[in-house]
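Quick caveat, the model's predicted, so the values are computed rather than measured. Here is how names work: the chains are called A, B, and so on, in the same order as the sequence lines, proteins then strands, and each is numbered from 1.
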Amino acid sequence: MACLLASVLTITLLAFIVGEILFKAWPAISKFGLGFITGIQWSPNREVFGVLPVLIGTAASSFLALLLALPLGLAIALFLSEDFLPPAIRQIIRFVVELLAAIPSVVYGLWGIFVVIPLVQKYGALVAAKLGFIPFLAGPAYGNSLLTASLVLALMVLPTITAISRSSLVAVPYALREGSYALGATRWETILSVIIPTAAPGIVASGILAFGRAMGETMAVAMLIGNSQRLSWSLLSPSNTLSALLANQFAEADGIQVSALMYAAALLVLLTLGVNIAGEAVLRRTQKATAGLR
Amino acid sequence: MTSTATHSDKNFFSADGKGTSVFRLFRNRFLTGLCVALSLLTLVPLFSIVILVIQNGCPLLSANLFTQLPPAPGMDGGGFGNAILGTLVMVGISLVFSVPLGILAAIFVNEYAPVSWLASAVRFVAKLLTGIPSIICGVFAFAAVVMTTHKFSALAGGIALAILILPTILLTAEQALLGVPYAFREASFGVGATPFQTIWRIVLPEAMPAIMTGVMLAVARAAGETAPVLFTALFSQNWIKGIMEPTASLSVLIYNFASLPYAYHIKLAWSASLVLVALVTLSNILAQVIFAPKHR
């Protein structure tokens with residue numbers, strides 16, 4: 001039974017991936033233990049490895065990207081699910097968002113280097129001069145910064161948010177809209193107090209899944225974030241993420257550094273799997289809930 | 001929600017609620033306008049990317065780009081023929097592994113044991129695999145292939161890409177099989193065919209166009225990815241000699257050249273972006289076209 005074999009292979013593949021990475025990471029896990037997670041130094045020359053700044057960078061860049069992308073994605077999803085626009089125009093908007101998803105990560109990176117970095121450098125310096133007393137906006141402002149990476153990440157996760165939010169908005173039963181209009185509500189009163197609350201779990205799920213995507217996104221971030229392991233509160237200073245760390249250091253690493261990078265990779269797998277399982281669970285519950293309304 | 005409802009109840013039906021209804025109309029318009037503005041805002045970066053890639057990618061576009069090797073640092077001239085070939089070879093290797101595995105597993109899940117725990121486990125794992133960051137595929141191929149063979153190679157890059165696209169192929173193939181009407185199977189069993197004959201001679205040919213759509217989407221995905229091949233296939237200035245050699249790819253070329261201080265290399269990176277985006281878009285369009293006749 002080739003088909004049975006293929007199925008078993010697929011299932012074991014995930015276990016094999018996790019197992020292989022943990023196995024290769026074992027020297028670092030046994031040597032550094034949990035100190036790896038809480039350590040703030042990463043210097044391969046002295047064989048000191050700590051990923052706390054990188055973990056914070058990963059969480060901060062993904063969260064910021066989500067914060068920027070969620071309103072935009074929700075606005076587009078509303079456009080695509082309600083009848084504001086004639087179907088032809090909706091089709092064009094949908095095509096444009098799908099095009100965003102088709103552009104390779106490395107092209108976003110290249111574009112970011114020549115468009116977003118100069119912009120952030122120019123306006124970042126102005127902002128840091130005026131509002132530098134706020135720790136998040138403290139100078140000196142760099143082009144290669146957490147903010148730059150988050151801006152581009154926001155674009156990259158937009159299609160995820162739009163697609164999943166749209167399908168949960170479309171799933172809101174038509175009778176609910178009709179009921180709301182019949183009570184005299186305007187279109188936006190209907191959207192804000194009936195449609196969005198009903199679709200809320202699906203919108204939350206789109207956010208969680210987009211967060212997972214943002215955490216794992218590698219190339220554009222590696223090209224834009226500045227790759228610095230120094231802890232900083234400012235959005236305008238360089239930072240790093242787990243995936244960018246792997247992308248930058250793997251090719252030249254040897255000895256215990258490979259092992260330490262495998263440890264970092266294992267953490268990334270754990271985080272993204274956790275986030276994705278949570279997102280899928282929320283999504284599944286939504287589908288059940290809206291199925292009951294029909 | 002209840003507090004706003006009772007508040008507006010007073011004005012909903014009252015004759016002198018004029019001011020409020022103006023406010024409600026205004027709010028309605030304002031929010032629609034806001035929604036338009038936010039949607040248009042997302043068009044700006046997209047157009048910026050597309051225009052810049054075309055504008056900066058076109059000047060160097062010539063036959064040389066596709067037939068010549070990248071220039072040495074600081075030199076002008078040359079192209080990235082080896083990177084295009086390398087990308088195609090690695091995508092090919094990834095298909096060799098992932099297409100049979102994905103389709104066979106999909107057949108098992110949908111035809112042989114659709115309600116078994118094994119089938120739900122396969123679906124669950126495939127879902128989880130889609131959520132795994134692409135760089136993890138590279139890390140795994142590095143651990144499993146590069147560290148065993150002590151060599152960066154096209155094979156390692158291909159295997160990394162295979163893991164990346166396996167869930168896409170599996171899940172689209174399963175949907176494709178699901179789309180074949182049940183009557184087809186009943187008719188086949190009715191004339192005395194075995195389950196094997198039914199699957200291979202009736203169901204699979206019927207589902208083939210939709211399965212190929214999934215494969216083309218996977219090709220588009222694999223061709224555009226950088227992270228899985230970055231430290232598995234590495235890069236090479238030369239033509240590919242065998243699959244056990246470090247191999248150039250378009251995406252890694254863009255990454256490497258983008259940070260070089262040489263103007264010509266940066267121009268090459270833009271041209272490579274143009275070629276890569278064209279390749280990915282072409283695969284996506286092909287995916288739609290293959291499936292289109294089935295819809296009519």
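Contacts of A:Val115 with chain B are made by side-chain atoms alone, with heavy-atom separations under 4.5 Å and no backbone atom involved. B:Ala220 does not touch chain A: none of its heavy atoms, backbone or side chain, sits under 4.5 Å away. With a 4.5 angstrom heavy-atom cutoff, A:Ile17 touches chain B via backbone and side-chain atoms both. If you measure heavy-atom distances from A:Thr10 to chain B, the contacts under 4.5 Å come from both the backbone and the side chain. Contact of B:Asn284 with chain A is made through the side chain alone, with heavy-atom distances under 4.5 Å. For chain B, the nearby part of A:Leu158 is the side chain; its heavy atoms alone come within less than 4.5 Å. When heavy atoms are compared at a cutoff of 4.5 Å, A:Ile21 approaches chain B solely by way of its side chain, counted from C-beta outward. Of the atoms belonging to A:Leu100, heavy atoms from both backbone and side chain fall under 4.5 Å from chain B. Interface residue B:Leu234: only side-chain heavy atoms are found under 4.5 Å from chain A. In this structure, the portion of A:Leu13 lying under 4.5 Å from any heavy atom of chain B is its side chain and not its backbone. At a 4.5 Å heavy-atom cutoff, the contact between B:Leu230 and chain A is made by side-chain atoms alone. Only the side chain of A:Ile103 comes within less than 4.5 Å of a heavy atom of chain B; its backbone N, CA, C and O stay farther away. Interface remark: A:Val116 contributes no atoms to any contact with chain B (heavy atom separation under 4.5 Å). Neither the backbone nor the side chain of B:Ser259 comes within contact range of chain A; no heavy atoms are under 4.5 Å apart. Within the 4.5 angstrom heavy-atom criterion, no atom of B:Phe47 approaches chain A. Within the 4.5 angstrom heavy-atom criterion, no atom of B:Ser283 approaches chain A. At a 4.5 Å heavy-atom cutoff, the contact between B:Leu128 and chain A is made by backbone and side-chain atoms alike. Contact of B:Ile103 with chain A is not made at all, since no heavy-atom distance falls under 4.5 Å. Neither the backbone nor the side chain of B:Leu34 comes within contact range of chain A, judged by heavy atoms closer than 4.5 Å.
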Go through B:Leu104 and A:Leu9 one step at a time and tell me if the side-chain contact (heavy atoms from CB on, under 4.5 Å) criterion holds.
CA-CA 11 Å; B:Leu104 286 178; A:Leu9 255 174; over 6 Å; no
Could you walk me through whether B:Cys35 and A:Trp188 satisfy the side-chain contact (heavy atoms from CB on, under 4.5 Å) test, starting with their C-alpha distance in whole Å, then the side-chain angles of each, then the deciding distance to 0.1 Å, before giving a yes or no?
CA-CA 11 Å; B:Cys35 219; A:Trp188 275 94; 4.0 Å; yes
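Comparing B:Ala119, B:Ala143, B:Gly138, B:Ser134 by heavy-atom pairs within less than 4.5 Å of chain A, the highest count is held by B:Ala143. Of the listed residues (B:Val36, B:Leu129, B:Ile49, B:Leu25), the one with the most heavy-atom contacts under 4.5 Å to chain A is B:Ile49. Of the listed residues (B:Thr32, B:Ile132, B:Leu118), the greatest number of heavy-atom pairs within a distance under 4.5 Å of chain A belongs to B:Thr32. Heavy-atom pairs under 4.5 Å with chain B were tallied for A:Pro104, A:Gly216, A:Cys3, A:Ala6; the largest tally goes to A:Cys3. Most heavy-atom pairs under 4.5 Å with chain A: of the set B:Phe152, B:Phe142, B:Trp270, this distinction falls to B:Trp270. Chain B forms more heavy-atom pairs under 4.5 Å with one residue of A:Ile277, A:Leu273, A:Leu99 than with any other, namely A:Leu273. When B:Gly102, B:Ala106, B:Ala144, B:Ala113 are compared by the number of non-hydrogen pairs under 4.5 Å with chain A, B:Ala144 comes out ahead. Across B:Ile107, B:Val280, B:Leu46, the residue that shares the most heavy-atom pairs under 4.5 angstrom with chain A is B:Leu46.
At least one side-chain heavy atom of A:Leu72 sits under 4.5 Å from a side-chain heavy atom of B:Leu41. Annotation: side chain of A:Glu20 is not in contact with side chain of B:Met147 (no heavy-atom distance under 4.5 Å). Inter-residue side-chain proximity for B:Leu31 and A:Ile191 is flagged as unmet; no heavy-atom pair is nearer than 4.5 Å. A:Glu280 has its side chain out of reach of B:Phe124: every pair of non-hydrogen atoms, C-beta onward, lies at least 4.5 Å apart. Taking the side chain as every heavy atom from C-beta outward, B:Tyr112 and A:Leu4 never approach each other to under 4.5 Å. Contact annotation: the side chain of A:Phe250 never approaches that of B:Ile135 to less than 4.5 Å [non-hydrogen atoms, C-beta and beyond]. Two residues are said to be in side-chain contact when any heavy atoms from C-beta on lie closer than 4.5 Å; A:Trp111 and B:Pro45 meet this criterion.
Relative ring orientation between B:Phe140 and A:Phe16 is described as perpendicular, the plane-to-plane angle rising above 60° on a 0-90° scale split at 30° and 60°.
Residue B:Ile254 holds its CD1 atom at 10.5 Å from OG of A:Ser105, rounded to the nearest 0.5 Å.
Close approach to chain B, defined as a heavy atom under 4.5 Å from one of its heavy atoms, is seen in A:Met219, A:Ala222, A:Met223 of residues 219-227 of chain A, taken by number.
Checked against salt bridge (Lys or Arg N to Asp or Glu O under 4.0 Å), B:Arg27 has the following partners two or more places apart in sequence or in another chain: A:Glu189.
No side-chain donor-acceptor contact under 3.5 Å links B:Asn28 to the backbone of A:Thr186.
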